[in-house]
Amino acid sequence: MNFQPISTNFFQQPTIQLAQNLVGQYLVHQHPDGLLVVKIIETEAYMGSEDRAAHSFGNRRTKRTEVMFGEPGLVYTYQMHTHTLMNVVSGPICKPEAILIRAGEPIVGHELMQQFRGTTAMKNWTNGPGKLSKALGVTMSFYGHHWTEKPLFIAPGPGVKELEIGPRVGIQNTGEAVDYPYRFSEKGHPMVSKYR
DNA sequence: CCTTCGATGGGCT
DNA sequence: GCCCATCGAAGGA
């Protein structure tokens with residue numbers, strides 16, 4: 001298969017819509033040790049200044065959140081404890097919205113993913129945001145990269161049969177935001193990350 | 001400075 | 001379900 005970056009204007013749709021449409025696309029990393037591809041099966045939208053669960057709530061602008069104020073399609077990586085989490089910057093410039101990529105299904109590069117993840121069962125390689133980054137060999141060095149540029153990019157995928165919508169995971173202490181229906185996943189997929 | 005706290009994951013009970 | 005690794009960001013003094 002020949003994977004090529006999706007067009008730039010794919011990232012110009014409204015954030016909720018983009019979060020939904022990212023489910024079913026491919027995420028490709030042309031890693032020095034081999035090609036790695038997953039189909040995205042779970043995302044979460046973070047709606048910027050209005051969303052108490054977002055790092056950019058209240059337009060908080062710091063070294064970490066700076067990239068969220070940039071153009072849609074940029075890569076926002078950040079550290080959570082010992083893990084790297086991957087986001088797609090969304091919304092117009094200066095509207096700091098983003099989409100967390102939470103889970104994927106291995107398509108190409110199973111051997112390398114297993115090596116990066118250890119010997120656990122395949123269903124545990126990419127069923128969470130930290131695991132996914134590790135399986136794909138993605139680190140903080142991609143902060144500010146663009147998701148249409150090799151070697152790390154989104155490519156058109158097959159989509160999904162049915163989309164499931166629910167509340168986001170792991171955002172206690174964010175008031176009313178805990179129940180916003182901003183989590184999107186492929187219904188019934190065995191590698192969707194845990195429910196809360 | 002100093003303290004608190006994670007958009008997590010793995011191990012163990 | 002509970003514990004905690006491990007560290008930078010955030011926010012207060």
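Hydrogens, waters and symmetry mates play no part in the numbers below; they use all other heavy atoms, side chains included. Naming convention: chains lettered A, B, ... in sequence-line order (proteins, then strands); numbering from 1 in each chain.
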Just to be sure I understand: a Watson-Crick pair is purine N1 to pyrimidine N3 plus N6-O4 or O6-N4, both under 3.5 Å. Using that and G-U wobbles, which stems of three or more pairs involve DNA chain C?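 Listed by first number, the stems are B:1-6 with C:7-12, B:8-12 with C:1-5.
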Expressed in whole Å, how much space separates the C1' atoms belonging to dT4(B) and dC4(C)?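 It comes out at 16 Å once rounded to the nearest Å.
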Any donor-acceptor N/O pair, [X] side chain to [Y] backbone, under 3.5 Å:
{"X": "Ser90(A)", "Y": "Ile99(A)", "answer": "no"}
{"X": "His31(A)", "Y": "Gly137(A)", "answer": "no"}
{"X": "Glu44(A)", "Y": "Arg183(A)", "answer": "no"}

Of Glu97(A), Lys95(A), Gln20(A), which is the lone residue that meets side-chain contact (heavy atoms from CB on, under 4.5 Å) with Thr15(A)?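 Of the listed residues Glu97(A), Lys95(A), Gln20(A), the side-chain contact (heavy atoms from CB on, under 4.5 Å) partner of Thr15(A) is Glu97(A).
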Out of Val88(A), Asn21(A), Ile101(A), which one pairs with Ile40(A) under the side-chain contact (heavy atoms from CB on, under 4.5 Å) rule?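 The residue from Val88(A), Asn21(A), Ile101(A) that satisfies side-chain contact (heavy atoms from CB on, under 4.5 Å) with Ile40(A) turns out to be Ile101(A).
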Non-neighbouring partners of Arg52(A) that pass side-chain contact (heavy atoms from CB on, under 4.5 Å), sequence neighbours left out: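 With neighbours one apart ignored, the set is Phe57(A), Thr174(A), Glu176(A), Ala177(A).
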Cation-pi, Tyr182(A) ring and Arg168(A) (6.0 angstrom, 45 degrees):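 Geometry flag: not set, cation outside 6.0 Å or 45°.
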Quick one: what's the B/S/- string for nucleotides 8-13 of chain B, heavy-atom cutoff under 4.0 Å, read 5' to 3'? BSS---
Neighbour count >12 (heavy atoms, 6.0 Å) for atom CD, Glu66(A):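 Yes.
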Atom [atom1] of [X] and atom [atom2] of [N]: how far apart are they, to the nearest Å?
{"X": "Met140(A)", "N": "dA9(C)", "atom1": "CE", "atom2": "C1'", "value": "11 Å"}
{"X": "Phe57(A)", "N": "dC5(B)", "atom1": "CZ", "atom2": "P", "value": "18 Å"}
{"X": "Gln79(A)", "N": "dA7(B)", "atom1": "CD", "atom2": "C1'", "value": "13 Å"}

Polar atoms only, N or O, under 3.5 Å: list the protein pairs with nucleotides 10-13 of chain C and their distances.
{"from": "dA10(C)", "atom 1": "OP1", "to": "Thr62(A)", "atom 2": "OG1", "distance (Å)": "2.8"}
{"from": "dA10(C)", "atom 1": "OP2", "to": "Thr62(A)", "atom 2": "OG1", "distance (Å)": "2.8"}

Among pairs that include at least one residue of residues 21-39 of chain A, which meet salt bridge (Lys or Arg N to Asp or Glu O under 4.0 Å), considering only residues two or more places apart or in two chains?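 Salt bridge (Lys or Arg N to Asp or Glu O under 4.0 Å) check on residues 21-39 of chain A returns Lys39(A)-Glu186(A).
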Which pairs pass salt bridge (Lys or Arg N to Asp or Glu O under 4.0 Å) with one or both residues in residues 114-140 of chain A, sequence neighbours excluded?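 Listed by first then second residue: nothing to list.
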